[in-house]
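First up is the structure itself, then whatever we jot down about it.
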Amino acid sequence: MASLLRLGGGLVRGGHRGTLLGARMLHASSRLDDIRAAALQKTMTTAPKALVAKEKLVFGHTFSDHMLTVEWTAKGGWEAPQIKEYGPLSLDPSCSVFHYAFECFEGLKAYRDAQGKVRLFRPDKNMERMNQSVERLHLPQFDGEQVIECIKELVRTDERWVPEGRGYSLYIRPTVIATENTLGVHRANSALLYVITSPCGPYFPTGFKAISLYCDETNVRA
């Protein structure tokens, strides 16, 4: 059964948290600082953007007022999470994410239920998968439960951007990138986890229309 997470509290229906959320899935050294939602720092924008009418929303074209960022170094671990005004990242041209594609992302959504309350759909599963991805890329792992708490606060901060109506939601894009300013393929010594959000409408605005496909089992490309 699917799990829903209410922004104001804990799990409200079914499911269980996977083991990848906990300390077992941290980066190489447990002595390094992990992400702590209690240390979250927030700086609000002084120029909130105008909302876009939900009927005019195009997926991935509109972004909310704020974003979440958490920096990491091999020496100190994860720094304090920050919610700040949405804006460009400052990265060196030699940054390893540009040259070796050391990056991964997830996608989840916040919805309004029938009572208008904002809910997240199974964010624990996204954190499990993201921790698996960063492990394969030799990027730093993190405590998924703490990141979920930070994401919940980001959504609370930009709650006005969560559109109402069936098929409408706030798309949430957590991303981890390697930020070390060196060339050469090796384990990252610095990284950035950031989360941006984007209000969106139904993926198929005119309705889902199925198509017929022909399957040829004689010639297999793979």
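In this text the structure is predicted, and so the values were computed from the model without any measurement.
Under the 4.5 Å side-chain criterion, counting only non-hydrogen atoms from C-beta, I83 is in contact with L40. Counting heavy atoms from C-beta on, the side chains of Q82 and M67 never come closer than 4.5 Å. At a threshold of 4.5 Å between non-hydrogen side-chain atoms, the residues V70 and Y194 do not count as touching. Put simply, the side chain of Y111 does not reach to within 4.5 Å of the side chain of L170, judged on heavy atoms. M44 has its side chain out of reach of D65: every pair of non-hydrogen atoms, C-beta onward, lies at least 4.5 Å apart. Considering only heavy atoms from C-beta on, K152 stays 4.5 Å or farther from P123 through its side chain.
Counted within 6.0 Å of CZ on R36, heavy atoms from surrounding residues, nucleotides or ligands total 12 or fewer; the atom is thus considered open.
Put simply, the side chain of H99 never gets that close to the backbone of V97: no donor and acceptor are under 3.5 Å apart. Formation of a donor-acceptor pair under 3.5 Å by the W72 side chain with backbone atoms of N189 is not found in this model. Listed for the D34 side chain is a donor-acceptor partner under 3.5 Å among the backbone atoms of D143. Proximity of a side-chain donor or acceptor of Q146 to a complementary backbone N or O of A37 within less than 3.5 Å is detected. With N126 contributing its side chain and G107 its backbone, the two residues share a donor-acceptor pair below 3.5 Å. Using modelled atom types, one side-chain atom of D158 and one backbone atom of H66 make a donor-acceptor pair closer than 3.5 Å. Of the possible donor and acceptor atoms, one in the side chain of N131 sits under 3.5 Å from a partner among the backbone N and O of F142.
Clustering ILVMFWY residues whenever any of their side-chain heavy atoms sit less than 4.5 angstrom apart, transitively, puts V147 in the very cluster that holds L137. Criterion: ILVMFWY side-chain heavy atoms under 4.5 Å apart, direct or through other members. Under it, I148 and V155 are part of a common hydrophobic cluster. Residues L193 and L139 share a hydrophobic cluster, clusters being chains of Ile/Leu/Val/Met/Phe/Trp/Tyr side chains in contact below 4.5 Å. Side-chain heavy atoms closer than 4.5 Å link hydrophobic residues (I, L, V, M, F, W, Y) into clusters, and following such links, possibly through other members, connects L51 to V162. Under the 4.5 Å side-chain contact rule for hydrophobic residues, F63 and V195 do not share a cluster.
For the residue pair S190/T73, the side-chain donor-acceptor check at 3.5 Å is not satisfied. Between the side chains of R166 and Y168, no donor-acceptor pair is found at a separation under 3.5 Å.
Once rounded to the nearest 0.5 Å, the distance linking CD1 of I196 with OG of S64 reads 8.5 Å. Here the straight-line distance linking atom CG of D92 with atom OG1 of T179 works out to 10.0 Å at 0.5 Å rounding.
The shortest heavy-atom contact between T62 and W161 is CG2-CZ3, 3.8 Å. Nearest heavy-atom pair across V134 and P140 is CG2-O, 3.6 Å. In terms of heavy atoms, E180 sits closest to R187 at OE1-O, 3.9 Å. Looking at every heavy atom in both residues, C150 comes nearest to I35 through SG-CG2, 4.4 Å.
A perpendicular orientation is assigned to the rings of F59 and Y171, their planes being inclined by more than 60° (bins at 30° and 60°).
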Q.
Please determine whether side chain to side chain contact (heavy atoms under 4.5 Å, CB included) holds for the pair L120 and K109, giving the CA-CA distance in whole Å, both sets of side-chain angles, and the decisive distance to 0.1 Å.
A. CA-CA 6 Å; L120 301 177; K109 293 181 178 181; over 6 Å; no
Q. Please walk me through it: do K84 and T69 pass side chain to side chain contact (heavy atoms under 4.5 Å, CB included)?
A. CA-CA 8 Å; K84 56 188 180 182; T69 63; 3.5 Å; yes
Q: In sequence, state the C-alpha distance, the side-chain angles, and the governing distance for I172 and I151, and then conclude on side chain to side chain contact (heavy atoms under 4.5 Å, CB included).
A: CA-CA 9 Å; I172 304 169; I151 290 175; 4.1 Å; yes
**Q.** Step-by-step side chain to side chain contact (heavy atoms under 4.5 Å, CB included) determination, V176 to F105
**A.** CA-CA 6 Å; V176 178; F105 64 84; over 6 Å; no
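For K49 and Y86, the positive end sits near the middle of the six-membered ring, less than 6.0 Å away and at most 45° from its axis.
With respect to the salt-bridge test (charged N to carboxylate O, under 4.0 angstrom), the residues E153 and K42 qualify. The pair R156-E159 fails the salt-bridge criterion, with no side-chain N (NZ, NE, NH1 or NH2) lying under 4.0 Å from an Asp/Glu carboxylate O. Under the 4.0 Å criterion applied to side-chain N and carboxylate O atoms, E106 and R173 are not assigned as salt-bridge partners.
With respect to L57, the side-chain contact (heavy atoms from CB on, under 4.5 Å) criterion is satisfied by exactly one of S198, P199, C200: P199.
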